[in-house]
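Quick caveat, the model's predicted, so the values are computed rather than measured.
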Amino acid sequence: MERSWFSRHIAIILLVLAAVLAGGYWFGPWRTAEKKPDYRTEILVKGKLTTSISANGTLNPVVLVNVGTQISGVVNKLNVDFNDRVTKGQILAEIDPSLINAQLEQSQANLANTQASLKLAQLNAQRSYGLYAQDYIAKSELDQSVQALAVAKALVDAAEGLLKRDKTNRGYTIIKSPVSGVVVSRSVDIGQTVAASFTTPTLFTIAKDLKTMQIDTSVAEADVGGVRKAQAVNFSVDAYPDRVFTGAVRRIRLDSTVLQNVVTYDVVIDVSNPDEILLPGMTAFVNIVIEERGDSLKLPLAALKFRPVGSVANKSAKTVYRLEKGAAVAIPVELGINDGKYAEVIGGALQAGDALILENSNAKPGAEKTAADKQNFRIKAF
């Protein structure tokens with residue numbers, strides 16, 4: 001009987017030891033260390049925050065003048081070349097005036113002929129008036145003399161008009177600059193024939209002033225609503241990749257462009273170019289500043305995506321998690337503008353220096369489900 005009692009006690013002791021060992025396995029410090037999350041955090045700081053619209057555009061002179069010719073002929077003189085600075089009224093080129101001079105001489109001779117005919121018509125008219133007063137000629141003869149005088153005067157007027165036209169064309173053989181500026185392009189050479197029969201050919205292109213330029217950029221209709229006159233603009237060009245230039249919005253043109261069902265608007269940006277290092281035709285990578293904050297608490301947007309295992313997301317409020325003594329503490333926040341990476345904190349119990357959790361570094365996809373399955377298994381096991 002003592003043996004039976006001893007055997008029962010031994011069995012109970014062994015069961016207790018087994019339970020202790022099982023509990024130690026499942027709830028021992030090595031299991032706790034396995035569950036402890038390793039959070040990646042970022043410290044909240046204050047700083048400048050800017051919301052902007054990105055676009056590409058082309059640098060152009062504010063005033064770009066195409067200088068052409070109204071007459072046809074052979075270019076026999078060129079006085080300027082690419083990049084030359086010119087002043088208003090300066091002679092740029094000359095077209096051979098030989099043909100125009102011949103037409104001018106013909107017009108002068110034609111005028112002299114009509115003027116002589118006018119004098120004769122005047123004398124005949126005066127004589128006819130005298131003879132008609134003495135009843136030597138009929139009224140019809142007087143009328144013919146008056147009519148001849150009127151025709152002679154008209155012919156003189158026409159000849160004077162032709163002469164004026166030919167003198168004007170003679171002046172057009174000398175190509176002058178209409179503005180002061182820089183020659184951007186030259187389209188002709190000495191000896192080249194230019195024809196101005198239907199359209200005016202362009203001989204030179206002159207930028208009025210390269211110290212002040214503009215960017216013509218296309219902004220999508222989804223973004224143009226935030227663009228306003230005088231907004232600050234930052235831009236860069238490939239020629240100077242380490243330098244940031246500034247400008248300001250001058251105008252939003254109402255004429256839209258539709259390309260492959262995408263609607264864009266031309267936004268014109270004023271640019272100061274005192275050193276003239278920005279050249280016409282350069283591509284500008286533009287950022288139009290919509291809103292700017294000088295000293296804001298900057299919240300990383302990645303923190304909004306983090307949720308601890310087992311937590312339930314609240315879609316009606318934005319929540320981030322602050323790391324306090326190794327634990328994730330939920331903090332509701334109100335946000336303002338954002339630049340795509342950081343958002344402005346305008347409400348909530350956050351302050352500079354707080355460590356916000358961005359992610360659980362040792363978490364794997366499906367970790368939340370795996371942890372729940374293990375918990376269920378433990379409950380069933382005991």
Side-chain angles (χ1 to χ4, degrees), residues 56-108 110 160-218 237-239 247 250-251 253 255 257 266 268-284:
N56 295 341
T58 304
L59 278 159
N60 294 306
V62 176
V63 178
L64 195 63
V65 181
N66 293 323
V67 181
T69 176
Q70 298 188 49
I71 63 169
S72 301
V74 178
V75 178
N76 60 7
K77 284 187 180 180
L78 277 177
N79 300 328
V80 295
D81 205 346
F82 291 92
N83 300 345
D84 285 350
R85 294 188 177 275
V86 297
T87 58
K88 184 177 181 179
Q90 180 179 338
I91 297 176
L92 306 177
E94 294 183 23
I95 296 176
D96 185 8
S98 300
L99 182 60
I100 301 298
N101 286 339
Q103 292 177 348
L104 183 60
E105 291 175 1
Q106 184 178 359
S107 297
Q108 289 173 337
N110 184 47
E160 288 177 344
L162 290 175
L163 180 61
K164 184 181 291 185
R165 180 200 63 186
D166 291 337
K167 286 182 177 180
T168 301
N169 286 337
R170 176 63 177 83
Y172 287 154
T173 61
I174 300 176
I175 312 300
K176 297 181 180 180
S177 176
V179 295
S180 298
V182 179
V183 178
V184 176
S185 68
R186 172 176 61 81
S187 306
V188 292
D189 290 303
I190 293 179
Q192 182 175 339
T193 301
V194 292
S197 302
F198 300 103
T199 58
T200 301
T202 298
L203 308 183
F204 304 92
T205 302
I206 298 176
K208 186 175 181 181
D209 184 10
L210 291 181
K211 294 184 182 296
T212 302
M213 301 187 71
Q214 70 181 35
I215 301 174
D216 295 293
T217 183
S218 297
V237 295
D238 286 335
R250 186 210 310 165
R251 179 181 296 113
R253 291 179 177 166
D255 185 22
T257 301
D266 186 15
V268 183
I269 299 167
D270 284 329
V271 175
S272 178
N273 187 30
D275 301 329
E276 297 188 6
I277 59 175
L278 298 173
L279 305 179
M282 282 185 171
T283 300

List the atom pairs, donor and acceptor, that lie under 3.5 Å between side-chain atoms in residues 96-103 and the rest of the protein, sequence neighbours left out.
from	atom 1	to	atom 2	distance (Å)
D96	OD1	S98	N	3.3
D96	OD1	S98	OG	2.9
N101	OD1	R170	NE	2.8
N101	ND2	P97	O	3.3

Per-pair distances, 0.1 Å, donor-acceptor, side chain in residues 57-66, under 3.5 Å, sequence neighbours excluded:
from	atom 1	to	atom 2	distance (Å)
N60	ND2	D216	OD2	2.9
N66	OD1	T205	OG1	3.2

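Side-chain contact check for I206 versus S177: some heavy-atom pair is nearer than 4.5 Å. Within the 4.5 Å cutoff, the side chain of K176 has heavy atoms near those of the I91 side chain. At a threshold of 4.5 Å between non-hydrogen side-chain atoms, the residues I71 and T173 count as touching.
Here the shortest heavy-atom pairing between P280 and L210 reads CG-CD2, 3.9 Å. Of all heavy-atom pairs between T200 and T69, the closest is CG2-O, 3.2 Å. Between F82 and R186, the shortest heavy-atom contact is CE2-N, 3.3 Å. For the residue pair K167 and L104, the shortest heavy atom distance occurs at CG-CD1, 3.5 Å. Residues D266 and T217 share a closest heavy-atom pair of OD1-O, 3.1 Å. Between R85 and V182, the closest heavy-atom pair is NH1-CG2, 3.4 Å.
Using modelled atom types, one side-chain atom of N273 and one backbone atom of L278 make a donor-acceptor pair closer than 3.5 Å. Of the possible donor and acceptor atoms, one in the side chain of K211 sits under 3.5 Å from a partner among the backbone N and O of P274. Between the side chain of D84 and the backbone N or O of V183, no donor-acceptor pair lies under 3.5 Å. Counting only distance, with no hydrogens or angles, the side chain of T202 and the backbone of F204 share no donor-acceptor pair below 3.5 Å. Between the side chain of S72 and the backbone N or O of A196 there is at least one donor-acceptor pair closer than 3.5 Å. Between the side chain of T87 and the backbone N or O of S180 there is no donor-acceptor pair closer than 3.5 Å.
Atom CE of M282 and atom CG of D238 lie 9.0 Å apart (nearest 0.5 Å). Atom CE of residue M213 and atom CG of residue L279 lie 7.0 Å apart, to the nearest 0.5 angstrom. Between the CG atom of L203 and the CG atom of L92 there is a distance of 8.5 Å, given to the nearest 0.5 Å.
Residue R165 qualifies as enclosed at atom CZ: its count of foreign heavy atoms under 6.0 Å is above 12. Counting heavy atoms of neighbouring residues, nucleotides and ligands inside a 6.0 Å radius, atom CD of Q90 exceeds 12 of them.
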